[in-house]
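Presented below is the structure to which this report refers.
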There are 2 protein chains.
Amino acid sequence: MFLIDSKSGVPFYRQIIEQVKFAIGRGELQPGDRLPTVRQLAVDLSINLNTVIRAYRELEIEGMLDTQQGSGTFVSSRKPDINGLERQRMLDQILTDMLARASSYGFTIDDLLKGLQQRKENE
Amino acid sequence: MFLIDSKSGVPFYRQIIEQVKFAIGRGELQPGDRLPTVRQLAVDLSINLNTVIRAYRELEIEGMLDTQQGSGTFVSSRKPDINGLERQRMLDQILTDMLARASSYGFTIDDLLKGLQQRKENE
DNA sequence: TATATTGTTATAGTCATATAGTACAATATA
DNA sequence: TATATTGTACTATATGACTATAACAATATA
């Protein structure tokens with residue numbers, strides 16, 4: 001369900017937090033839905049249990065999640081507000097990073113567009 | 001000339017590296033151009049001298065910069081020479097990384113295509 | 001030559017992140 | 001009730017990033 005990019009420089013727990021928020025924002029996670037157990041997610045992502053706990057705890061403090069010892073962690077019924085603005089900023093960031101990297105090797109936006117287009121067709 | 005986002009979670013020295021590469025890739029920094037001194041950039045960005053040094057050193061190792069003690073740090077005149085195959089592999093890598101990151105946030109290839117297209121038009 | 005400027009090196013300390021391992025507490029389930 | 005599963009708490013350790021500070025080395029310039 002979630003993915004960790006260990007090369008991005010962004011702390012794992014932050015990546016988890018962001019992805020949970022966006023999943024909720026997109027409706028993939030509905031209020032009441034159960035999240036992976038802390039142990040399971042730690043195994044899936046090959047990271048430490050404590051790192052998952054840290055992410056879940058922050059989300060609980062923010063009111064996004066409800067945790068119940070013994071039963072699991074659930075999406076809170078209080079609807080959090082995932083704004084499109086944050087989402088747009090994330091996309092911008094991804095594009096900026098990629099462009100910086102690509103242009104340092106002399107690639108143009110057209111090169112990227114072409115490459116992306118090919119991948120789309122091969123899906 | 002450069003900007004640091006202290007809230008992004010991305011290490012300062014990595015941000016500097018990316019921005020220098022970006023500037024070179026876009027032609028804003030030409031071979032032979034002099035970069036800010038390590039001390040000056042540290043002051044400008046309100047970060048530590050060692051952090052700037054670290055960024056410049058990595059860029060020098062990569063062949064992007066030439067440093068000359070006493071006179072400054074300059075954009076290397078050695079053009080990074082990679083053959084077409086390596087180049088293609090590099091582009092694939094960049095695209096793969098971006099897609100992994102983007103999809104983890106729920107973005108589709110179309111989202112990326114659209115975002116790229118917009119940037120192209122705004123150039 | 002003398003001085004300033006530039007990059008370099010080194011030491012030490014703080015903080016955040018992540019890991020490993022162990023044990024405990026609450027709940028669900030057989 | 002007994003057991004498994006879930007989240008929680010804690011200690012210890014390691015590493016990376018960043019900072020503070022000081023001294024050193026090479027070059028440019030007055």
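Treat the numbers as computed from the prediction; the structure is a model and nothing was measured. Below, chains carry the letters A, B, ... as their sequence lines are ordered, and counting in each starts from 1.
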Give me the atom names and distance for the closest heavy-atom approach of B/P36 to B/L41. CB-CB, 4.1 Å

Shortest non-hydrogen contact between B/L35 and B/F74, atoms and distance: CD1-C, 4.1 Å

Contact check, side chains of B/M64 and B/E58, non-hydrogen atoms, under 4.5 Å: no

Length of the line joining [X]:[atom1] and [N]:[atom2], which is rounded to integer Å:
| X | N | atom1 | atom2 | value |
| --- | --- | --- | --- | --- |
| B/R14 | D/dG16 | CZ | C1' | 12 Å |
| A/F74 | D/dT6 | CZ | P | 10 Å |
| B/L49 | D/dC24 | CG | P | 16 Å |
| B/Q15 | D/dG16 | CD | C1' | 15 Å |
| A/N48 | D/dT11 | CG | C1' | 13 Å |
| A/I53 | D/dT6 | CD1 | P | 13 Å |

Approximate separation, where rounding is to 0.5 Å, of [X] [atom1] and [Y] [atom2]:
| X | Y | atom1 | atom2 | answer |
| --- | --- | --- | --- | --- |
| A/I94 | A/L99 | CD1 | CG | 12.0 Å |
| A/D66 | A/L59 | CG | CG | 11.5 Å |
| A/L116 | B/K114 | CG | NZ | 15.0 Å |
| A/F12 | A/N48 | CZ | CG | 10.5 Å |

Please determine whether side-chain hydrogen bond (donor to acceptor under 3.5 Å, both in side chains) holds for the pair B/Q40 and B/T37, giving the CA-CA distance in whole Å, both sets of side-chain angles, and the decisive distance to 0.1 Å. CA-CA 5 Å; B/Q40 189 58 52; B/T37 71; 5.0 Å; no

If you compare every side-chain N and O of A/T67 against the phosphate oxygens of D/dT6 (OP1, OP2), does one of them come in below 4.0 Å? no

Under 4.0 Å from any atom of DNA chain D, heavy atoms only: list the residues of residues 34-43 of chain A that qualify, in numerical order. A/R34, A/T37, A/V38, A/R39

In terms of side-chain geometry, is the basic nitrogen of B/D44 or B/R39 positioned less than 4.0 Å from the acidic oxygen of its partner? no

For B/D92, is there an ion pair with A/R119 - N to carboxylate O distance below 4.0 angstrom? yes

Checking all strands, does A/I47 fall into the base, sugar-phosphate, or nothing category for heavy-atom contacts under 4.0 angstrom? sugar-phosphate

Could you check whether A/Y13 gets within reach of a base, just the sugar-phosphate, or nothing at all, counting any heavy atom under 4.0 Å? sugar-phosphate

Verify side chain to side chain contact (heavy atoms under 4.5 Å, CB included) between B/N50 and B/V38, making sure each step is shown before the conclusion. CA-CA 8 Å; B/N50 297 311; B/V38 289; over 6 Å; no

How is the base pairing of DNA chain D summarised as a dot-bracket string, given the Watson-Crick and G-U wobble criteria with both distances under 3.5 Å, [ ] for crossing and | for another strand? ||||||||||||||||||||||||||||||

Could you tell me from which nucleotide to which nucleotide of DNA chain C, 5' to 3', there is an atom under 4.0 Å from chain A heavy atoms? C/dT17 to C/dA28

Taking the side chain of A/N50 as heavy atoms from C-beta outward, which of D/dT8, D/dA20, D/dC10 is closest to it? D/dC10

Start at the 5' end of DNA chain C and walk down; is the nucleotide closest to B/Q69 or to A/T51 reached first? B/Q69

